[in-house]
Amino acid sequence: MKIQVNGAWREVSSAELAGALADLGYGEAVVSTALNGEFVAVQARSATPLTDGDRLEVLAPMQGG
Amino acid sequence: MLELYGTTLRSQLLLGSARYPSPAILREAVRAAGAEVVTVSLRRESGGERAGQGFWGLIRELGVRVLPNTAGCHSVKEAVTTAHMAREVFGTPWIKLEVIGEDDTLQPDVFGLTEAARLLAAEGFQVFPYTTEDLVVAERLLEAGCRVLMPWGAPIGSGRGLNNLYGLRALRAHFPRVPLVIDAGLGLPSHAAQALELGFDAVLINTAIAQARDPVQMAGAFAQAVAAGAAARAAGPIEARDFATPSTPVIGTAFRG
């Protein structure tokens with residue numbers, strides 16, 4: 001299915017969030033996720049289904065003021 | 001000494017981590033500043049590049065306490081979601097809450113800020129709201145559950161110093177026991193010293209250090225200024241007055257009478 005990852009359309013094969021992150025190459029990276037504007041905790045990822053057209057944000061630590 | 005949400009800190013200089021010429025210079029600046037708290041943020045991460053992972057490694061190596069921000073958020077919803085994401089990644093209930101209302105000045109949207117602060121405090125976050133010097137807003141933020149306030153000195157990155165001295169003095173006088181951290185707009189160590197002299201508990205500096213020609217030297221200069229300002233405050237500064245008073249005793253002055 002096609003979902004938007006950080007604003008860009010990407011093809012993922014997994015139907016749940018944890019699998020999709022692995023598909024997208026995040027592996028063991030320290031990231032936090034929000035699906036369609038709602039925070040999804042690490043432990044909830046594998047039980048979070050994805051549907052075509054979902055908007056996924058994957059954020060990581062970055063410099064900030 | 002500075003106490004923020006029950007955490008006692010020796011340094012009254014908080015440091016932002018953005019806009020340094022290199023990670024190595026950031027590391028040296030943190031050390032030169034003696035900073036114990038460093039602000040951090042969250043940004044989109046690519047599965048291929050993973051830029052954030054290296055930065056997170058650097059911050060952990062420094063052994064400082066992190067204060068994640070919600071920079072760039074323009075709505076309550078964005079700020080609250082970002083705060084949740086930050087709490088998970090950084091493993092801290094601290095959140096520097098920014099809800100931006102205007103892009104030219106990066107002025108906080110104090111209405112959204114208060115609403116977001118209320119939601120987050122109710123969920124156990126320890127909120128550091130980036131606000132203005134407005135007394136009524138400050139009162140609302142305290143009612144919302146904030147135990148620290150971070151008023152701006154001037155617009156973020158502007159380097160203008162304490163823009164509204166009267167308003168900031170009033171804020172300090174009005175909330176004598178609330179930790180107040182000047183968050184933005186300071187450009188020089190003298191601005192930081194002035195903030196501490198006025199009784200503010202700490203300053204948060206980013207651009208003034210990161211964008212200096214020599215950020216490490218400037219970090220040290222700010223540390224000295226903060227220490228001087230705090231010492232001056234503790235020593236009890238004299239009041240300014242309109243007319244001269246002789247500092248040399250006038251009794252026994254020669255050639256008089």
Side-chain angles (χ1 to χ4, degrees), chain A, chain B residues 14-20 23 26 38-60 66-72 75 77-78 80-91 96 98 106 130 156-157 183-184 204-211:
Chain A
M1 81 184 89
K2 273 197 155 179
I3 64 171
Q4 265 193 59
V5 181
N6 291 340
W9 288 102
R10 300 287 301 272
E11 185 74 36
V12 292
S13 54
S14 178
E16 45 77 22
L17 180 51
L21 287 172
D23 290 350
L24 292 163
Y26 289 100
E28 299 302 309
V30 177
V31 291
S32 192
T33 52
L35 190 62
N36 301 320
E38 301 290 338
F39 169 60
V40 182
V42 172
Q43 60 272 24
R45 286 178 192 162
S46 55
T48 300
L50 296 175
T51 53
D52 216 37
D54 273 347
R55 288 175 295 109
L56 174 64
E57 293 287 335
V58 186
L59 306 187
M62 197 59 63
Q63 295 85 345
Chain B
L14 286 64
L15 199 62
S17 61
R19 308 185 69 190
Y20 289 83
L26 165 62
V38 172
T39 57
V40 292
S41 195
L42 285 174
R43 283 293 179 271
R44 286 173 163 175
E45 179 85 324
S46 141
E49 292 177 9
R50 297 196 183 188
Q53 309 305 307
F55 172 69
W56 185 219
L58 166 66
I59 292 294
R60 281 191 298 185
V66 293
L67 174 57
N69 69 26
T70 63
S75 71
K77 174 75 179 162
E78 286 172 10
V80 168
T81 302
T82 302
H84 281 113
M85 298 173 87
R87 181 164 66 175
E88 180 180 80
V89 164
F90 295 112
K96 183 187 153 193
E98 297 184 30
L106 297 178
Y130 165 60
I156 297 170
D183 182 0
L204 168 53
I205 309 291
N206 193 154
T207 306
I209 291 176
Q211 296 282 293

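Letters A, B, ... are given to chains in the order of the sequence lines, protein chains preceding strands, and every chain is numbered from 1.
When the candidates V30(A), T33(A), V58(A), L24(A) are compared by the number of heavy-atom contacts under 4.5 Å with chain B, V30(A) comes out ahead. With respect to chain A, the highest number of heavy-atom pairs below 4.5 Å among T39(B), N206(B), L15(B) belongs to T39(B). Ranked by non-hydrogen atom pairs under 4.5 Å with chain A, the options I205(B), L14(B), L42(B), T81(B) are led by L42(B). When R87(B), Q53(B), E78(B) are compared by the number of non-hydrogen pairs under 4.5 Å with chain A, Q53(B) comes out ahead. Heavy-atom pairs under 4.5 Å with chain A peak, among E45(B), K77(B), R19(B), E98(B), at E45(B).
Scanning all heavy atoms of the two residues, the minimum distance from K2(A) to W9(A) falls at O-CZ3, 3.9 Å. Here the closest non-hydrogen pair linking G65(A) and A18(B) is N-CB, 4.2 Å. Counting all heavy atoms, side chain and backbone alike, V89(B) lies closest to V31(A) at CG2-C, 3.8 Å.
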query: Can you check side chain to side chain donor-acceptor pair (under 3.5 Å) on D23(A) and S13(A), steps first, answer last?
result: CA-CA 7 Å; D23(A) 290 350; S13(A) 54; 3.1 Å; yes

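Heavy atoms closer than 4.5 Å to chain A are found in the backbone of S46(B), but not in its side chain. Neither the backbone nor the side chain of V5(A) comes within contact range of chain B; no heavy atom of the residue lies under 4.5 Å from a heavy atom of that chain. Within the 4.5 angstrom heavy-atom criterion, only side-chain atoms of R50(B), from C-beta onward, approach chain A. Contact of Y130(B) with chain A is not made at all, since no heavy-atom distance falls under 4.5 Å.
The 12-atom threshold is not exceeded at CD of E28(A), counting heavy atoms of other residues, nucleotides or ligands nearer than 6.0 Å. The number of heavy-atom neighbours closer than 6.0 Å to CD of Q4(A), taken from other residues, nucleotides and ligands shown, is above 12.
The aromatic rings of F39(A) and H84(B) sit parallel to each other, their planes meeting at less than 30°, with 60° as the upper class boundary.
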